[in-house]
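Each remark here refers to the structure printed beneath this line.
Letters A, B, ... are given to chains in the order of the sequence lines, protein chains preceding strands, and every chain is numbered from 1.
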Amino acid sequence: MSTPLPEQRTSIPVPGALERFAHSWKSAALTLVIGILLLAGLPYALDDFALVQATVYAVMALLAVSLGFVWGFGGILCFGQSAFFGLGAYTYAIAVTNLGDSTVPLLLSIVLPAAFAAVLGYLIFYGRLSDVYMGVITLTVTLILFNVVNSTAGPEWKIGHAPLGGFNGIPNIAPLNMPGNVDDVIGPRGMFELTVGALLVVYLLLRALLAVKLGRVIVACKENEQRVALLGYDSRAYKLFAFVLAAGIAGLAGCLFANWGAFTSPTIFGLAQSAQIIIWVIVGGLGTLVGPIVGSIAIQWLTTQIGTQQAINSNLVLGAILVVFVLMVPKGIVPSVGQLGVRLLKALRRGGRGSLAASNETAVQRAHSAAPAAEPGASRSAPDSSRKEAA
Amino acid sequence: MDLAVIVLIQVLYAIASLVVVSAGLAVVFGMMKVINLAHGEFMMLGAYAAIESVRVGINLWVAMLIVAPLSVAAIGVLLERVFIRRLYGRMIDTMLATWGLSLLLIGIVTSVMGNTTAGISAPLGNFTVGAYSVSSYTLVIIVIAIVLAVALRWVLLHTSLGLIARGTMQNPQMADALGINPSLVYSATFALGAGLSGLAGALLAPMTGVVPTMGGAFVAKAFITVIGGGPAIVAGLISSSALFGAISQVATFAMTPVFGEVALLAGAIVMLRLLPQGITGRFFKGAL
Amino acid sequence: MDRRSFIKTSAITLAAGSAGTLPFAAAAADEILVGSIIDMSGGLDIYGKPMTDCMTLAVEEWNAQGGLLGKKLRLLNYDPQSSMQLYTQFAQQAALKDKVAVVHGGITSASREVMRPVLDRYRTLYFYNTQYEGGVCDRDTFCTGVTPGQTVAKLIPYAMKKWGKKVYVVAADYNYGQITSQWVKKFVQENGGSIASIDFFPLDVTNFGSTISKIEAAKPDMLVSALVGGSHMSFYRQWAAAGLHKKIPLASTTFAGGNEQIVLSPDECDGFLVSYNYFENLDNPTNKAFKDRFHKRFGADYPNITELAMGTYQGFNLWATAVKKAGTLDRTKVIDALESGISIDAPSGKVAVDAATHHCVLNVSIAEVRNHKLNIVQTFDAQPPSDTSAVCNLIKNPRDNQQYVIKL
């Protein structure tokens with residue numbers, strides 16, 4: 001939000017129709033309905049291969065949602081979300097190799113990354129580190145994990161029965177089974193239903209969280225941390241909670257990923273993977289929960305398609321698309337689609353009611369969403385810079 | 001005794017390569033606050049420019065020190081005018097755009113140059129210290145890093161160009177009111193940063209394999225160095241390169257290169273925990 | 001952000017999306033689909049491009065002669081971009097969606113071990129055509145590349161006789177490097193030598209300064225390198241920059257696989273010894289004819305036809321020959337045909353399938369790097385895959401499915 005110019009100070013920015021819709025239960029319901037329809041319908045519409053593909057898209061969507069939540073709503077740019085993703089995958093792989101039954105490994109793959117995030121988050125938030133430095137630390141952590149795990153190729157590196165495998169990773173990971181019955185393993189269809197189901201449950205959970213006080217305080221911490229502190233909340237604790245929750249979700253995604261591919265390797269911790277998650281969230285729309293889902297599926301699908309053609313180098317195509325994208329659709333897919341929808345509705349309604357009222361509303365909206373003068377140094381708006389000084 | 005000298009030389013070399021690799025990013029990110037994820041690819045372009053010029057017959061030193069930085073600076077100006085200037089102030093969008101740019105550059109270079117290119121070997125041979133022999137080129141890099149740091153500081157502090165650049169970054173409207181064209185300054189600064197990255201790539205080309213994907217290895221370290229350095233550009237660059245270079249090389253000698261990497265990263269975390277604003281947020285305050 | 005630019009964007013994205021979709025439609029009735037999963041981008045692309053070129057040539061040659069079983073062959077190229085996830089995805093796609101008759105692919109041993117279970121599960125024949133560390137014992141997989149029992153077994157004694165008995169080993173830190181270094185150790189010790197040290201380096205390490213000092217301190221008679229990939233090329237650069245290439249000779253099990261001898265200058269790598277199945281200057285009529293066809297197709301200035309590329313060409317020809325003999329694409333019948341004693345007359349000499357191990361009996365040559373070229377110094381005919389034979393017998397145990405690792 002920009003500091004209002006003098007002549008506008010009298011008008012308090014009113015959330016537009018789109019914002020109201022996005023925050024209400026109606027958008028959540030819409031998304032859930034679409035999700036449930038897909039969950040029920042796709043296994044019948046798609047063949048086994050396409051279903052397996054859809055499963056990995058859903059897993060990555062879950063990962064993207066975790067970052068979308070902690071960044072878009074918590075204001076925490078975690079450059080190393082892949083660390084928790086990888087920890088979840090490796091925890092599941094090692095635990096299931098050692099324990100056999102998959103129920104405890106599944107739980108461990110959520111709890112362990114969350115615990116790790118708790119320690120890391122404590123160091124970061126209670127040390128009052130701000131955005132960029134936070135980003136660097138999380139990036140550093142994931143790179144450390146990458147370097148360490150990558151060097152474990154020798155046979156002496158094993159936890160229990162499970163060799164870590166270094167660069168090769170851990171192949172042939174046993175899939176999830178019904179709790180208690182080791183032989184009743186999950187098949188492609190079950191995997192799909194479980195993953196999409198988990199995605200929908202997490203989405204619902206996060207939407208509910210954002211609607212209650214806890215979630216509102218987290219969002220407030222992103223908007224203006226100083227004000228939150230002055231109102232009597234310990235912003236560090238709330239941010240830590242958001243961070244840990246996101247890590248747990250990423251860990252779950254990691255476990256599901258290890259199941260999908262039946263392997264895990266150190267590249268899961270690498271720079272490329274962490275950058276990918278950020279790209280998905282940006283492309284889909286930062287500040288929404290549906291955005292990261294759409295963004296991750298779009299980019300992944302694109303990457304796969306580009307990989308199966310020979311004519312042009314894959315990097316070239318993907319890079320060109322991203323660059324064009326950022327110039328044309330800066331807010332991301334979902335907000336842009338939402339705005340388009342609003343405009344269409346307005347155009348339809350303009351036939352029914354007076355055009356004056358409608359054009360006044362659009363003038364106010366246009367005014368308060370105008371960007372400040374483009375300068376390289378002014379990368380933060382007023383509220384955030386006050387937060388930095390308080391640090 | 002010989003080993004001590006060798007370790008010292010290697011440590012200085014590690015520091016020098018960090019300085020050289022991060023200088024371009026220090027300018028672009030430190031001054032302009034543009035998160036340039038394509039920094040590694042600028043380096044790669046510089047390396048290729050150097051190699052191609054040598055292949056055409058240009059003297060190696062001219063190719064490395066003049067042709068490479070100038071050509072990458074020119075590319076930088078072009079990119080700044082077409083893309084980057086639309087994204088000032090939008091940190092997130094610059095991340096996405098520069099990531100896309102890095103992929104694009106890798107793709108273009110791969111399509112044009114292919115994956116197998118003639119490289120250049122390190123010039124100047126080697127010299128011996130007791131039982132060990134060391135490449136003389138490492139000394140060259142150390143010297144160039146020192147010259148670079150001094151020159152950068154001198155330009156920023158003692159020339160009117162540097163003053164204009166710093167002033168414009170601090171307060172563009174005032175600079176504009178004083179008759180300076182901010183967009184020209186932005187282009188020039190970005191070009192300087194790009195040129196420095198190109199120089200780094202060209203200098204490191206004889207020591208590392210030059211492939212289109214070589215940039216990825218340097219981006220993370222460059223960012224960590226620049227951000228760890230803090231607000232001052234040159235002082236931060238030197239101090240954090242010194243710290244991280246020393247840690248990583250000593251750890252490498254003690255164990256393995258991987259351990260050296262991990263030590264550098266862990267050191268960065270510890271340092272940021274102790275000095276949340278970077279090194280020059282606390283020490284050398286007020287220096288450039 | 002207005003409607004116009006949004007529509008423009010969607011149009012662009014849609015166009016880009018559909019342009020990217022190759023119509024991998026279901027095979028027409030008169031077509032046979034062949035899947036090739038080889039990295040054309042990412043860190044391993046230096047290996048992948050020549051391999052794909054040889055694959056393309058091989059398919060075109062068979063099509064020019066009327067195809068296979070009366071049908072045309074169509075090559076589906078997947079580029080996993082050096083990513084394990086994409087290897088898995090493309091293996092699944094090739095097996096389940098495109099339903100190819102065979103998959104040729106995988107460069108690193110890591111990628112092979114990721115694809116093998118997937119292709120086994122979905123019952124698709126898999127050919128791994130790259131030189132590797134040996135030991136894979138799997139009825140549905142054929143490994144047509146050389147293994148340490150064939151190359152290292154000959155390279156080490158030759159090098160030790162030439163240079164000396166104290167050996168220092170540097171290797172890539174993943175299963176290939178780990179296992180190959182054990183084989184090197186075995187052959188060094190069998191020939192009365194000693195190992196000074198074995199050092200491992202992850203694939204992205206580029207800074208070898210301290211390692212080089214350590215090697216100097218150990219004063220070995222020779223260095224054996226099992227380094228892999230574009231980043232490890234910097235080792236050879238830094239080795240030469242420190243002047244050590246003149247002091248300590250080097251033998252390698254991986255050098256030249258990515259045409260390093262062309263990228264590096266002669267001063268940096270002359271005198272290196274390598275050992276492979278195929279070298280461009282092998283003197284036999286099949287090789288000469290092959291080179292003529294290859295250069296006509298891809299240009300006379302093609303850098304070098306690598307060992308891995310030839311492995312791919314030979315692997316494809318083995319498969320096609322077996323299909324022709326079996327008269328059908330049915331996987332079990334093709335496997336039976338392959339086990340019945342198929343051999344082809346390839347540019348590297350005679351290549352025969354060893355039924356018990358699903359590996360190949362291959363000619364092996366030792367070559368020296370000289371002036372951007374590889375000059376053969378000695379050739380050994382018909383080397384059996386002794387390392388895998390020692391542990392794997394698929395005729396006795398057809399259900400065996402694992403990779404055996406050497407234990408010293």
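- Using a 4.5 Å cut-off between heavy atoms, Ser151(A) contacts chain C through both its backbone and its side chain.
- The contact between Gln178(C) and chain A is made entirely by side chain atoms (from C-beta outward), counting heavy-atom distances below 4.5 Å.
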(request) With side chain to side chain contact (heavy atoms under 4.5 Å, CB included) as the test, would you mind laying out the steps for Thr304(A) and Gln89(C) before giving the verdict? (result) CA-CA 8 Å; Thr304(A) 318; Gln89(C) 265 180 254; 3.5 Å; yes
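- Expressed to the nearest 0.5 Å, how far OG1 of Thr303(A) lies from CG of Asp79(C) amounts to 11.5 Å.
- With a threshold of 4.5 angstrom between heavy atoms, Ala320(A) does not approach chain C through any atom at all.
- Taking each heavy atom of Phe167(A) and Asp173(C) in turn, the nearest pair found is CB-O, 3.7 Å.
- Atoms CD and CD, from Gln53(A) and Gln92(C) in turn, are 6.0 Å apart once rounded to the nearest 0.5 Å.
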(message) Run the side chain to side chain contact (heavy atoms under 4.5 Å, CB included) test on Trp260(A) and Gln85(C) for me, step by step, so that the C-alpha distance in whole Å, both residues' side-chain angles and the decisive distance to 0.1 Å come before the verdict.
(response) CA-CA 10 Å; Trp260(A) 165 80; Gln85(C) 184 186 334; 3.9 Å; yes
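- Only the side chain of Arg121(C) comes within contact range of chain A, with heavy atoms under 4.5 Å apart.
- For Thr253(C), the side chain to side chain contact (heavy atoms under 4.5 Å, CB included) partners two or more places apart in sequence, or in a different chain, are Val152(C), Tyr176(C), Thr180(C), Ala226(C).
- Although no hydrogens or angles enter the test, the distance criterion places no donor-acceptor pair under 3.5 Å between the side chain of Asn168(A) and the main chain of Tyr174(C).
- Across all their heavy atoms, Met84(C) and Phe263(A) have their closest contact at CB-CE1, 3.5 Å.
- With a 4.5 angstrom heavy-atom cutoff, Asn150(A) touches chain C via backbone and side-chain atoms both.
- Contacts of Ala162(A) classified as side chain to side chain contact (heavy atoms under 4.5 Å, CB included), with partners at least two apart in sequence or in another chain: Ile94(A), Thr97(A), Asn98(A).
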